[in-house]
Participant: 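The structure under discussion is supplied below as structure tokens; questions concerning it will follow.
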Amino acid sequence: MRKFSLGRLLSNTYLGAMLLFFYAPIAVLMAFSFSSEKSRASWGHFTLDWYAQLFRNPEILSALRTTLLVAVISAVLATVIGTLSAIGIYGYRKGTRGLIMNLTYLPIINPDIVTGISLMILFVFMKMNLGFFTMLLSHMAFNIPYVIYSVWPKLSQMDKSIYEAALDLGATPGYALRKVILPQIAPGIVTGFILAITLSIDDFVISFFTSSGVQNLSIYIYSAARRGIDPTLYALMTLMFVVVLGLLSVVNYRTGKAAEKAEQKRR
Amino acid sequence: MRGRNRWYALPYLLWVAIFTVAPMGLLLYYAFTKGGSGFTLVNFQKFLDPTYIKVLGRSLWLALLCTAVCLALGYPISYLLARHKHGNLLSMLFILPMWMNFLLRTYAWMSLLENTGLVNRLLGALGFGQLTLLYNSGAVLLGMVYNFLPFMILPIYNSLQRMDRSLIEAAGDLGANPIGVFRRVTLPLSLPGIMSGITMVFMPAVTTFVISRLLGGSHFMLFGDLIEQQFLQASNWNFGSALSVIMMVLILLGMGLLNRVGSNGNAEGRTIM
């Protein structure tokens, strides 16, 4: 019994230390968003000036809008296309399946910079103007493979006999898809969606090469960084962090409740 | 379910043709031509210069180190999370930093590591002198690990989470000690997660050019910096494309190797069942 709780203590210590590693830099960044001192080296007094400036800067607001729009649209489309594609690809024979999955792997294993450059060459070749639309297409191009590869393990782990049984018992393929396949691969779909949104918000390299004139946050930060550190960006990140924390708490609370309900039902 | 849902993938096949195959074809065209000429290898001959080879070597070595550190730190995290009472909540905390823009996350480390930053002030308070923590490969490695560790944790956590717990109990009942259970059951079953984790970390690490520029300084040249330079500053699309092709080939070879290891692991997992 004592040995067990010692293990738990060690486990929690390790997890705590790693969380500290993850959050210390973010905490520093958030703290300096409230500091009147522009340099990160010293602390002035408490101020909300940077937040006020943030909401008055049209360049930042438009970049934020672009980032959010591209992230949401590309992640939703990529999740739908990726999930259906994964199910479809799973039905192919081994050889064809391998070929498609290898092609799907290409944007994942391709360096961002190569993906960005090759897409830029494609858009120039197709005589498309680099801008919002090309940025959106590019984000979908790297998000779809991630969704497929998040769903894939759940598909191969799925109990196929349940699906066959549903069909034998008279379910249409569409009904069986909704009632049997989707619930079983749902955790993979959620993982894929989260990954897609995260990658899209985080992306700098591919956006940088596939759009010109249109700025997302990353591109704005990159150019702002060349002009010098700007604490309004810290304020922006603090706000984003709080929003994301809130969203994930809600998601976690809901899934926790759903799991509880399922548990009660089983009893 | 074989063959029943194939048509779901048809739109995607068209997508792949336009957004995966065509760009690669164009890239290859640029890599093997020069100024509208016919087929040529001059762009690849240019790469054989020791300056360029050295840059590639540095990139590969740093990415390898980063992947090893992420696996060493990340596997225990995923393993502990999968058995933790509040594993779901905690795992969200571990992927939350991914939502922060990576340029700003990297800046945060700059502010911690700079000469007058927090780390140096703590060191000073403890009686150590001021250290130069920025602008070296250590700082770049730290920035890479910090940015890419969640990509290692997430897939391994998923693979451990979906593992059938009764296998562990069965192995225990059949006389395996905890180390044996981990080595013969848990590890092989989490191998697919490890493989996708390695992919997701090594890939961005070997290609990064922003992290190296911010934490390594402008003189710290990685392969990504070199490619970006050829396209945006030198305007040598042909040489830049050749460098991209070299990078792609190296990574494809590496992936082939990883896939092999992965499929062996799966086979072993099956014999256990």
Side-chain angles (χ1 to χ4, degrees), chain A residues 11 14-15 18-19 22 25-26 28-29 32 40-41 81 84-85 87-92 100 103-104 106-114 117-119 121-122 125 137 141 144 149 153 157 160 163-164 173 177 191 198 201-202 204 217-218 221-222 225 233 237 240-241 244-245 248 252 256, chain B residues 1-9 11-12 16 19-20 22-24 26-27 30 73 76-77 80 88-90 92-94 96-105 108-109 111-112 116-118 158-159 162 192 196 199 203-204 206-207 209-210 224 227-228 231 240 244 247-248 251-252 255:
Chain A
S11 150
Y14 180 68
L15 290 178
M18 291 319 291
L19 279 177
F22 269 106
I26 295 171
V28 168
L29 191 136
F32 278 108
R40 285 158 298 154
I81 298 174
L84 289 178
S85 306
I87 295 169
I89 298 165
Y90 199 72
Y92 278 88
I100 302 173
L103 281 174
T104 302
L106 210 58
I108 295 182
I109 65 174
N110 242 353
D112 276 359
I113 191 167
V114 177
I117 280 165
S118 62
L119 284 171
I121 297 176
L122 174 79
F125 177 77
L137 284 175
I144 292 174
Y149 270 92
Q157 233 191 309
K160 280 113 209 153
Y163 179 73
E164 302 293 352
L177 172 77
T191 305
T198 309
I201 290 178
D202 225 24
F204 162 69
L217 268 183
S218 298
I221 293 164
Y222 186 71
L233 289 174
M237 284 303 126
M240 274 181 78
F241 185 79
V244 166
L245 190 66
L248 286 187
N252 191 60
Chain B
M1 57 183 281
R2 290 266 174 275
R4 287 202 205 255
N5 297 311
R6 272 184 208 179
W7 62 272
Y8 287 131
Y12 177 66
V16 166
F19 289 99
T20 305
M24 285 304 111
L26 288 167
L27 196 73
Y30 272 100
L73 291 176
I77 293 175
L80 295 174
N88 260 341
L89 179 76
L90 283 172
M92 282 203 176
L93 283 179
F94 276 100
L96 193 60
M98 290 203 295
W99 289 70
M100 306 282 283
N101 186 283
F102 87 103
L103 289 161
L104 275 152
R105 277 183 276 151
W109 272 109
S111 74
L112 282 174
T116 51
L118 268 184
N158 276 340
S159 70
R162 64 168 181 251
S196 54
T199 314
M203 276 298 314
V206 88
T207 66
F209 70 96
V210 178
I227 295 176
E228 187 246 357
F231 276 91
S244 309
M247 178 58 91
M248 270 171 54
I251 279 169
L252 284 174
M255 290 315 305

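In what follows, every chain begins at residue 1, and chains take the letters A, B, ... in the order their sequences are listed. It should be emphasised that the depicted structure is a prediction, and the values quoted were computed from it without experimental measurement.
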Participant: Given that the side chain runs from C-beta out, which part of Leu137(A) has a heavy atom under 4.5 Å from chain B: side chain, backbone, both or neither?
Facilitator: both
Participant: Give the minimum heavy-atom separation between Arg6(B) and Gly91(A), together with the two atoms involved.
Facilitator: NE-O, 3.2 Å
Participant: Should Met18(A) and Pro76(B) count as side-chain neighbours, where that means a heavy-atom distance under 4.5 Å?
Facilitator: no
Participant: Side chains of Tyr12(B) and Thr104(A): closer than 4.5 Å at any heavy-atom pair?
Facilitator: yes
Participant: Given side chains that start at C-beta, do those of Thr20(B) and Pro107(A) come closer than 4.5 Å, heavy atoms only?
Facilitator: yes
Participant: Where is the tightest heavy-atom contact between Pro25(A) and Ala108(B), given as atom of each residue plus distance?
Facilitator: O-CB, 3.5 Å
Participant: Heavy-atom cut-off 4.5 Å, strictly under: side chain, backbone, both or neither for Val206(B) against chain A?
Facilitator: neither
Participant: Heavy-atom pairs under 4.5 Å with chain B: which of Val28(A), Ile100(A), Ile108(A), Leu122(A) has the most?
Facilitator: Leu122(A)
Participant: Minimum heavy-atom separation for Leu26(B) to Ile121(A), with atom names?
Facilitator: CB-CG2, 3.7 Å
Participant: Is there side-chain contact between Leu103(B) and Leu217(A), with at least one heavy-atom pair below 4.5 Å?
Facilitator: no
Participant: Is it the backbone or the side chain of Ile89(A) that comes under 4.5 Å from a heavy atom of chain B, or both, or neither?
Facilitator: both
Participant: Taking every non-hydrogen pair under 4.5 Å, which of Thr207(B), Ile251(B), Leu96(B) racks up the most with chain A?
Facilitator: Leu96(B)
Participant: If you look at every heavy atom in Arg162(B) and Pro153(A), which pair is closest and at what distance?
Facilitator: NH1-CB, 3.5 Å
Participant: So what's closer than 4.5 Å to chain B heavy atoms on Ile201(A): side chain, backbone, both or neither?
Facilitator: both
Participant: Determine whether Leu104(B) and Ile221(A) make a side-chain contact, defined as any pair of heavy atoms from C-beta on separated by less than 4.5 Å.
Facilitator: yes
Participant: Can you tell me how far apart CG (Leu84(A)) and CH2 (Trp7(B)) are? Round to the nearest 0.5 Å.
Facilitator: 8.0 Å
Participant: Indicate yes or no: at least one non-hydrogen side-chain atom of Phe231(B) is less than 4.5 angstrom from one of Ile113(A).
Facilitator: no
Participant: Against chain A, work out which of Asn158(B), Leu73(B), Thr199(B), Leu90(B) has the most heavy-atom pairs shorter than 4.5 Å and name it.
Facilitator: Leu73(B)
Participant: Select, from Thr191(A), Asp112(A), Ile81(A), the one with the greatest count of heavy-atom pairs under 4.5 Å involving chain B.
Facilitator: Thr191(A)
Participant: Let's test your reading of the structure: which of Val16(B), Leu93(B), Val210(B), Leu27(B) forms the most heavy-atom pairs below 4.5 Å with chain A?
Facilitator: Leu93(B)
Participant: Given Ile144(A) and Phe19(B), is the side-chain contact (heavy atoms from CB on, under 4.5 Å) satisfied, shown in steps?
Facilitator: CA-CA 11 Å; Ile144(A) 292 174; Phe19(B) 289 99; over 6 Å; no
Participant: Please flag which part of Pro11(B) lies under 4.5 Å from any non-hydrogen atom of chain A: side chain, backbone, both or neither.
Facilitator: neither
Participant: On a heavy-atom basis, which atom in Ala9(B) and which in Ser85(A) lie closest, and how many Å separate them?
Facilitator: CB-O, 3.9 Å
Participant: Any side-chain heavy atom of Ile77(B) sitting closer than 4.5 Å to one from Tyr14(A)?
Facilitator: yes
Participant: For Leu15(A) and Phe94(B), work out which heavy atoms get closest and say how close.
Facilitator: O-CZ, 3.8 Å
Participant: Would you mind checking which part of Phe204(A) comes under 4.5 Å of any heavy atom in chain B, side chain (CB onward), backbone (N, CA, C, O), both or neither?
Facilitator: both
Participant: Between Met203(B), Met248(B), Met247(B), which residue shows the highest count of heavy-atom pairs closer than 4.5 Å to chain A?
Facilitator: Met203(B)
